[in-house]
Chemist: 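Dropping a structure here in structure tokens format, bear with me for questions.
Order of the sequence lines fixes the chain letters, A, B, ..., with proteins taken first and strands second; residue numbering starts at 1 for each chain. What you see below is based on every heavy atom in this structure, not just the backbone, and it leaves out hydrogens, waters and symmetry mates.
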Amino acid sequence: MTAKVAYESVEVGTELPARSFPVTRATLVQYAGASGDFNPIHWNEKFAREVGLPDVIAHGMFTMAEAIRVVTDWAGDPGAVVEYGVRFTKPVVVPNDDEGALIEVSAKVAALLDDKQVRVDLTAMSEGKKVLGMSRAVVRLA
Amino acid sequence: MALDQSFVGRTYPPTPPYEVGREKIREFAEAVGDPNPVYVDPEAAKAFGHSDVIAPPTFVFSITFKAAGQVIHDPQLGLDYSRVVHGDQKFVYVRPVRAGDRLTVTSTIEGIKSLAGNDIVDVRGEVHDESGEHVVTAWTKLVARAAEEA
């Protein structure tokens, strides 16, 4: 469990490389199969509208999985993630076209902790809306 | 209807073991589009000190959420699952989940709140491997939205 980033090389405010993750209806079907979450709000437009949603929405756990990639790609070893939490604030709405939606994730070091650990605060946006709140990870650096 | 506060602190029996397979991890990594080799290549995982391929951080949710079904579908608690949305999610890891793990989950109701007609239930899932080693704890906040006015 060794990250490739040295604890000494970062400070509060250090920005991690930002990433954008596309998500289409096909992505959601694939994620449903892999995760076992077959809730129809993630693939059935008629059902989604009937329960008051604007359209099919992405699984919150899919968005959570994408956001942490900014941290794991930076750290190198995903096993260096010690803690990860989010609040699902707004849904990622996924239209039925080739483009789908985009989840834009940025992150920066928010605190230096003991034991070579740092707290990273993440921001995940889609269509200009914050889709994750209180999104924080603790990662152990080298 | 507000849920019964006496359920706070209730712990459900551990689930039967879930065996984590390499191909299931690969399938999950592909579904989230993550090409990190530590999820698919045992040698790449070993280079980081892992004994086998590891799972992406959120992989374990599939296991803990299934276990939380004991709470969600407990007829005595009476949560209206058709109105449940996922509020918060948090994981604290002792070590990453890896291929070959046989994981059991013990779910506990940590809190029950009623807020503006919404029922809010906090479930903690403690995940252990076959040797009894603690692997990860997952906290899931479930919100049963208030029923619409008739």
Chemist: If you take all heavy atoms of A:E83 and B:V92, which pair is closest and at what distance?
Modeler: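 Answer, listing the atom of A:E83 first, then B:V92: CG-CG2, 3.5 Å.
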
Chemist: In terms of heavy-atom pairs under 4.5 Å, which option from A:E66, A:M61, A:M134, A:Q30 contacts chain B the most?
Modeler: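 Most pairs with chain B among the choices: A:M61.
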
Chemist: Quick one: are A:M64 and B:F61 in side-chain contact, heavy atoms under 4.5 Å?
Modeler: no

Chemist: Side chain to side chain contact (heavy atoms under 4.5 Å, CB included) for B:H50 and A:D77? Distances and angles first, verdict last.
Modeler: CA-CA 10 Å; B:H50 306 297; A:D77 179 11; 2.9 Å; yes

Chemist: Quick check: are there more than 12 heavy atoms from other residues, nucleotides or ligands sitting under 6.0 Å from CD of A:E99?
Modeler: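 No - once you tally the heavy atoms of other residues, nucleotides and ligands closer than 6.0 Å, there are 12 at most.
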
Chemist: Would you kindly confirm whether B:V123 and B:I72 end up in one hydrophobic cluster when ILVMFWY residues are joined by side chain heavy atoms under 4.5 Å apart?
Modeler: yes

Chemist: Is it possible for you to say whether A:W43 and A:V92 belong to one hydrophobic cluster, with membership spreading through side-chain heavy-atom contacts below 4.5 Å?
Modeler: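 Different clusters: A:W43 never reaches A:V92 through Ile, Leu, Val, Met, Phe, Trp or Tyr contacts under 4.5 Å.
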
Chemist: When only pairs under 4.5 Å are counted, which of B:D88, B:V38, B:V136 shares the most heavy-atom pairs with chain A?
Modeler: B:D88

Chemist: For the hydrophobic clusters of this structure (ILVMFWY residues joined by side-chain heavy atoms under 4.5 Å, transitively), does one cluster hold both A:V12 and A:V5?
Modeler: yes

Chemist: Sort by residue number and list every member of residues 24-37 of chain B having a non-hydrogen atom under 4.5 Å from chain A.
Modeler: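 The residues closer than 4.5 Å to chain A, in numerical order, are B:K24, B:E27, B:F28, B:E30, B:A31, B:V32, B:G33, B:D34, B:P35, B:N36.
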
Chemist: In terms of heavy-atom contacts, does CG of A:D98 have more than 12 from other residues, nucleotides or ligands at under 6.0 Å?
Modeler: no

Chemist: Under 4.5 Å between side-chain heavy atoms, hopping through other hydrophobics if needed: is there a path connecting A:L112 to A:V82?
Modeler: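 No, because A:L112 and A:V82 fall into different hydrophobic clusters, even though each may have its own neighbours under 4.5 Å.
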
Chemist: Based on non-hydrogen pairs under 4.5 Å, which of B:F65, B:F91, B:W139 is most in contact with chain A?
Modeler: B:F91

Chemist: For a 4.5 angstrom cut-off between non-hydrogen side-chain atoms, does B:Y39 reach A:P78?
Modeler: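 Yes; the side chains approach each other to less than 4.5 Å.
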
Chemist: How many angstroms lie between atom CZ of A:F88 and atom CD of B:Q89, to the nearest 0.5 angstrom?
Modeler: 6.0 Å

Chemist: With rounding to the nearest 0.5 angstrom, report the NZ to CG distance, B:K66 to A:D37.
Modeler: 13.0 Å

Chemist: Which atoms of A:F62 come close to chain B, meaning under 4.5 Å heavy atom to heavy atom: side chain ones, backbone ones, both, or neither?
Modeler: side chain

Chemist: Tell me if a side-chain donor or acceptor on A:S35 pairs with a main-chain N or O of B:S62 at a distance below 3.5 Å.
Modeler: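 Side chain of A:S35 to backbone of B:S62: no pair is present.
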
Chemist: Check for me, please, whether B:F48 and A:Y7 land in the same ILVMFWY cluster - side-chain distances under 4.5 Å, paths through other members count.
Modeler: yes

Chemist: What residues of residues 53-60 of chain B sit under 4.5 Å from chain A when only non-hydrogen atoms are counted?
Modeler: B:I54, B:P57, B:T58

